[in-house]
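So the structure is just underneath, and the comments pick up after that.
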Amino acid sequence: MKSSKRYLLTSALPYANGALHLGHLAGAYLPADVYARYLRLRGRDIVFVCGSDEHGAAITMRAKKEGINPQEIIDKYHTLNKSTFEKLGISFDYYHRTSSDLHKQTAQEFFLKLYEQGDQFEEHTSAQYYDEEFDQFLADRYIKGTCPKCGYEEAYGDQCENCGSALSPTELINPVSTISGNNPVLRETKHWYFKLDKHEEWLREWIADGTINGKVHHDAKAWKKHVVGQCLSWLDSGLQPRSITRDLDWGIPVPLPDAEGKVLYVWFDAPIGYISATKQWALDNDKNWEDYWKGGDDLELIHFIGKDNIVFHCIVFPAMLQAHGEYNLPINVPANQFLNFEGQKFSKSRGWGIEQHEYLEAFRDFPNKEDALRYALIRNMPENRDSDFKWDEFIDFHDKELADNLGNFLNRISVLTVKYYEGAVPLAGSRWPAPLAEVGTLLDKWVEELEGFSFKAACQLVMEISSAGNTFLQDVSPWKIWKDDPENQQVKDCLFSCLQIAGLLSIIISPFTPATAEKIRTILGLPTLQNGDLELAIQSWKDQLPLLPSGHLIGEPEILFAKINNKKDTSLLAIVEKQKEQLQVILEEESQKEQAPLKELINFDDFSKLDLRTGTIISSEKVPKANKLLKLEVDLGFEKRTIVSGIAEYFEADKIVGKRVLLVANLAPRKLKGIESQGMILMAENEKGELGFVSPPEGWPEGFPVR
RNA sequence: GGCGCGGUAGCUCAGCUGGUUAGAGCGCGUGAUUCAUAAUCCCGAGGUCGGGAGUUCAAGUCUCCCCCGCGCUACCA
């Protein structure tokens with residue numbers, strides 16, 4: 001590992017349309033921060049950037065709905081997210097925003113560079129809906145209409161929320177602009193497409209082998225399996241040109257003369273935000289941004305993201321960078337999987353989960369709340385598969401590892417040092433007591449895990465080192481010896497060694513819990529950590545030189561972490577319990593949720609239009625290439641019907657033959673997967689979406705009407 | 001339906017290119033200890049490595065089939 005290397009770390013740009021929850025933190029920000037802090041402690045030359053992603057139709061949509069300016073939305077969430085990251089100790093060197101002038105200029109330049117090459121883009125003209133009153137093209141989401149598939153009248157131009165079908169706006173029946181309420185007209189519009197397909201071949205080689213034209217770029221085996229797997233799967237299904245412009249008035253104008261009213265698609269400009277953030281940082285710190293983006297072999301670019309962003313950061317953005325020609329490609333994209341919350345997915349609408357700023361607020365009276373959270377999330381990080389955040393585990397990690405193991409160790413040795421030696425580090429008999437060599441082995445492993453982005457394992461190693469300290473202290477039991485012989489050398493050696501271990505802990509825990517690290521430093525009478533301190537410590541350990549020399553005066557013993565499970569003081573437990581109760585309330589409310597509201601009244605004529613009949617299923621088979629469909633033959637007595645029914649998830653085909661059913665016999669026929677369905681089976685559906693047959697009374701034959 | 005990733009002790013997970021009696025933490029059971037935040041330390045009990053077949057001298061690790069979970073995608077109420 002050359003120390004001359006420069007590192008550029010990025011965390012996924014949060015969309016400035018909402019607050020971030022613990023899953024985001026565990027997925028993209030904490031791991032990057034851990035790594036950034038680690039590299040700084042090793043004295044490496046690094047920049048860690050992030051920023052708010054502030055363009056896109058979703059923000060303008062919301063602004064429209066709430067009757068405010070998009071600027072208000074992005075200002076609100078940019079400020080909120082930026083300050084929350086700061087409070088949680090996410091140590092970005094720069095937190096930028098894509099609405100800045102510098103970003104606009106950077107993104108436009110990038111676009112133009114590709115445009116001028118002539119072979120990276122293609123133009124397509126197509127007919128899209130246009131709102132004549134507001135004089136603008138309508139993004140898919142701005143159009144509502146009747147779903148051609150299920151008849152739902154409030155379907156959006158990209159998707160019907162009733163039946164879930166993916167739609168294109170031109171499929172909608174009676175399309176209506178959501179801004180004016182008028183029917184939009186079709187108008188020709190031109191868009192630019194990035195020819196991603198051109199890049200397929202080198203991308204495959206780059207991802208599968210880590211080489212470009214046979215030249216080694218990175219170690220392909222160092223990439224996470226799920227990252228490589230997902231990318232190769234995408235490449236195998238073939239890349240398509242991607243549209244990179246939109247008709248919108250919110251975003252970065254396409255810098256071409258014939259592009260009035262067009263902006264860069266948010267997915268195109270967002271990753272360029274990494275570049276503009278670096279530029280702004282460089283301007284403010286008198287550096288050259290190009291050293292971190294165009295650094296050749298001495299540069300490591302690393303993107304920290306969640307798994308939802310894999311394809312974008314491993315295929316699309318690298319293709320953009322490569323097409324541009326001057327930029328380095330990422331050396332790794334250690335994407336994390338998803339974090340669940342008490343066994344279920346985070347859900348804003350359900351209120352399931354806790355957002356970062358809500359946590360800080362709810363835990364405002366909780367000491368070390370930032371580090372407690374960071375620690376629990378790191379120990380639970382979804383590095384290779386989805387993981388689960390539980391409050392009970394939060395308590396366990398806090399009490400058993402931070403308080404009992406680490407905090408107590410520190411308290412034990414600081415109290416003993418003060419009591420026996422008035423706070424001065426004793427003189428060791430042998431130069432480097434044996435236990436310290438064992439710790440050195442653990443330290444090597446710790447470095448290895450961090451370098452391989454295994455933060456969970458590295459974090460556990462910190463505890464192992466603390467444990468090693470406890471074990472050693474227990475083995476020697478200096479309090480027993482000291483009673484009879486206060487000047488005993490074994491006692492001095494023991495505390496000397498333990499103090500060295502504590503000194504090391506104050507450094508190696510810093511990437512995970514930076515505030516705690518400083519507290520430990522204070523207790524040990526050590527100065528605030530500086531960049532490069534870890535490098536020095538590793539060297540000292542190798543050279544068998546103490547971090548706390550004999551005679552060094554430590555500070556006052558202090559409780560590092562007050563336990564949550566404390567019989568005398570239940571205030572901390574109460575804070576956590578409150579969170580658990582809130583979840584309980586949500587679950588209870590949902591379980592007794594009212595039934596769906598009744599539909600509007602119909603009259604008798606409406607009802608009599610339905611022709612419901614009794615029948616029997618006489619054959620049943622699964623429809624190929626469909627998960628939910630069964631093809632049924634139903635006997636009505638006077639005739640047999642073919643009915644395609646979406647019940648395959650709940651019933652096996654051969655087990656429902658002979659089933660007595662009710663059906664709608666006069667429903668207009670419709671083709672499903674090429675089979676004409678001539679009616680519909682009546683099913684009851686519960687809150688979980690499970691289906692059950694509604695059957696005629698015992699002994700009733702086929703074909704009778706139901707009224 | 002297609003593709004990707006996962007399924008290892010009660011729980012959470014580690015096990016690189018196949019190689020001695022499958023590991024850690026928590027929990028559980030014992031014992032020791034009191035410097036310390038009723039903390040700490042020792043020892044122990046727990047696993048047909050999702051199921052089945054195969055390749056091999058040897059498989060948790062490779063191949064095939066099946067089952068389950070998550071994600072993407074297609075289709076669909």
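Below, all heavy atoms of this structure are taken into account, side chains as well, without hydrogens, waters or symmetry copies. Naming: A, B, ... by sequence-line order, numbering from 1 per chain. Please read these numbers as outputs of a predicted model, since none were measured by experiment.
- Under the Watson-Crick or G-U wobble criterion, with both distances below 3.5 Å, B:G19 is paired with B:C57.
- Across all strands shown, the partner of B:G1 is B:U73, judged by Watson-Crick or G-U wobble contacts whose two distances both fall under 3.5 Å.
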| request: Any chance you could lay out the ring pair (Phe, Tyr, Trp, His ring centres under 6.0 Å) test for A:Phe561 and A:His398, step after step, and finish with the verdict? | output: CA-CA 8 Å; A:Phe561 288 92; A:His398 181 275; 5.5 Å; yes
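- Scored by the side chain to side chain donor-acceptor pair (under 3.5 Å) test, A:Asp475 finds no partners at all (sequence neighbours excluded).
- In B:G46 the O4'-C1'-N dihedral to the base is within 90° of 0, which defines a syn nucleotide.
- Listed by residue number, there are no residues of residues 366-377 of chain A with a heavy-atom contact under 4.0 Å to RNA chain B.
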Between protein and nucleic acid, restricted to nucleotides 23-28 of chain B and to nitrogen or oxygen atoms under 3.5 Å apart, what atom pairs and distances do you find?
{"unit_1": "B:G27", "atom_1": "OP1", "unit_2": "A:Lys400", "atom_2": "NZ", "d": "3.1"}

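- Using bins of under 30°, 30° to 60° and over 60° for the plane-to-plane angle, the ring pair A:Phe389/A:Phe341 lands in the parallel bin.
- Applying the Watson-Crick and G-U wobble criteria (two distances, each under 3.5 Å), B:G25 pairs with B:C11.
- The CG-P distance, from A:Asn405 to B:A39, rounds to 13 Å in whole Å.
- Nucleotide B:U37: unpaired (no Watson-Crick or G-U wobble partner with both distances less than 3.5 Å).
- Searching all strands for a Watson-Crick or G-U wobble partner of B:C64 with both distances below 3.5 Å returns B:G52.
- With hydrogens and angles disregarded, a donor-acceptor distance shorter than 3.5 Å links the side chain of A:Trp223 to the backbone of A:Ile331.
- Taking atom C1' on both nucleotides, B:C26 is separated from B:A14 by 15 Å, rounded to a whole Å.
- A salt bridge is defined here as a Lys NZ or Arg NE, NH1 or NH2 lying under 4.0 Å from an Asp or Glu carboxylate O, and A:Glu201 with A:Arg204 fails to meet this definition.
- Look at the C1' atom in both B:U48 and B:U8: the space between them is 12 Å, to the nearest Å.
- Rounded to whole angstrom, the span from the CD1 atom of A:Ile564 across to the C1' atom of B:U37 amounts to 13 Å.
- At whole-Å resolution of the value, CG in A:Asn380 and P in B:C11 are 16 Å apart.
- Summarising the geometry, the separation between CZ on A:Phe346 and C1' on B:C70 is reported as 16 Å, rounded to the nearest angstrom.
- Rounding to whole angstrom units, NE2 of residue A:His398 and P of B:A39 are separated by 14 Å.
- With contacts defined as side-chain heavy-atom distances shorter than 4.5 Å, the pair A:Leu339/A:Leu377 qualifies.
- Distance, A:Met680 CE to B:C76 C1': 12 Å, rounded to whole Å.
- Taking the charged nitrogens against the carboxylate oxygens, A:Asp392 and A:Lys390 have no contact shorter than 4.0 Å, which rules out a salt bridge.
- Atom CG in A:Asp404 sits roughly 10 Å away from atom C1' in B:A38 (whole-Å rounding).
- Spacing between B:G7 and B:C43 at atom C1', rounded to whole Å, works out to 32 Å.
- Among residues two or more places apart in sequence or in another chain, the salt bridge (charged side-chain N to carboxylate O under 4.0 Å, His left out) test is passed with A:Arg412 by none.
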| request: Begin with the C-alpha distance, continue with both residues' side-chain angles, and end with the deciding distance and a verdict on ring pair (Phe, Tyr, Trp, His ring centres under 6.0 Å) for A:Phe317 and A:Phe312. | output: CA-CA 6 Å; A:Phe317 190 46; A:Phe312 204 80; 7.2 Å; no
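- Contact annotation: A:Lys563 side-chain N/O to B:A39 OP1/OP2 distance is under 4.0 Å.
- The CG-P distance, from A:Asp475 to B:C43, rounds to 10 Å in whole Å.
- Remark: the separation of the C1' atoms in B:U20 and B:G25 is 26 Å, to the nearest Å.
- Mapping A:Ser466 and A:Asn566 onto RNA chain B via the closest heavy atom, the residue that lands nearer the 5' end is A:Asn566.
- Spacing between B:U30 and B:A45 at atom P, rounded to whole Å, works out to 15 Å.
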Show me, pair by pair, the donor-acceptor contacts under 3.5 angstrom made by side chains of residues 435-449 of chain A, not counting sequence neighbours?
{"unit_1": "A:Thr441", "atom_1": "OG1", "unit_2": "A:Ala437", "atom_2": "O", "d": "3.4"}

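- Residues passing the side chain to side chain donor-acceptor pair (under 3.5 Å) test with A:Asp396, sequence neighbours excluded: A:Lys400.
- Rounded to the nearest Å, the gap between the P atom of B:C64 and that of B:G2 is 15 Å.
- Atom name P, nucleotides B:G27 and B:A39: the rounded distance is 10 Å, in whole Å.
- Contacts with RNA chain B (heavy atom under 4.0 Å) in residues 488-500 of chain A: none are found.
- Nearer the 5' end of RNA chain B, as judged by each residue's closest nucleotide, is the contact made by A:Asp388, out of A:Asp388 and A:Phe561.
- A:Asn470 pairs in a side chain to side chain donor-acceptor pair (under 3.5 Å) with only one of the listed residues (A:Asn405, A:Asn408, A:Asp404), which is A:Asn405.
- A donor-acceptor pair is defined here as one N or O able to donate and one able to accept, closer than 3.5 Å; such a pair exists between the side chain of A:Glu200 and the backbone of A:Leu239.
- The side-chain contact (heavy atoms from CB on, under 4.5 Å) check on A:Ser243 picks up A:Tyr193, A:Arg246, with sequence neighbours excluded.
- For residues 372-387 of chain A, the salt bridge (Lys or Arg N to Asp or Glu O under 4.0 Å) pairs, not counting sequence neighbours, are A:Asp33-A:Arg374, A:Lys307-A:Asp386, A:Arg379-A:Glu401.
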Tabulate protein N/O versus nucleotide N/O from nucleotides 2-9 of chain B, keeping only pairs under 3.5 Å, one per line.
{"unit_1": "B:C3", "atom_1": "O2'", "unit_2": "A:Ser233", "atom_2": "OG", "d": "2.6"}
{"unit_1": "B:G4", "atom_1": "O2'", "unit_2": "A:Gln230", "atom_2": "N", "d": "3.3"}

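- Applying the side chain to side chain donor-acceptor pair (under 3.5 Å) test to A:Asn411 and every residue at least two apart in sequence or in another chain returns nothing.
- The aromatic rings of A:His24 and A:His21 sit parallel to each other, their planes meeting at less than 30°, with 60° as the upper class boundary.
- Side-chain atoms of A:Thr513 do not come within 3.5 Å of backbone N or O of A:Asp371 as any donor-acceptor pair.
- With both ends at atom P, the span from B:C68 to B:A74 equals 23 Å, rounded to whole Å.
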Using the 3.5 Å cut-off, write out each protein N or O paired with an N or O of nucleotides 31-36 of chain B and the distance between them.
{"unit_1": "B:C35", "atom_1": "O2", "unit_2": "A:Arg412", "atom_2": "NE", "d": "3.3"}
{"unit_1": "B:C35", "atom_1": "N3", "unit_2": "A:Arg412", "atom_2": "NE", "d": "3.1"}
{"unit_1": "B:C35", "atom_1": "N3", "unit_2": "A:Arg412", "atom_2": "NH2", "d": "2.7"}
{"unit_1": "B:C35", "atom_1": "N4", "unit_2": "A:Arg412", "atom_2": "NH2", "d": "2.8"}
{"unit_1": "B:A36", "atom_1": "O3'", "unit_2": "A:Asn411", "atom_2": "OD1", "d": "3.2"}
{"unit_1": "B:A36", "atom_1": "O2'", "unit_2": "A:Asn408", "atom_2": "OD1", "d": "2.6"}
{"unit_1": "B:A36", "atom_1": "O2'", "unit_2": "A:Asn411", "atom_2": "OD1", "d": "3.1"}
{"unit_1": "B:A36", "atom_1": "N3", "unit_2": "A:Asn408", "atom_2": "ND2", "d": "3.1"}
{"unit_1": "B:A36", "atom_1": "N3", "unit_2": "A:Arg412", "atom_2": "NE", "d": "3.1"}

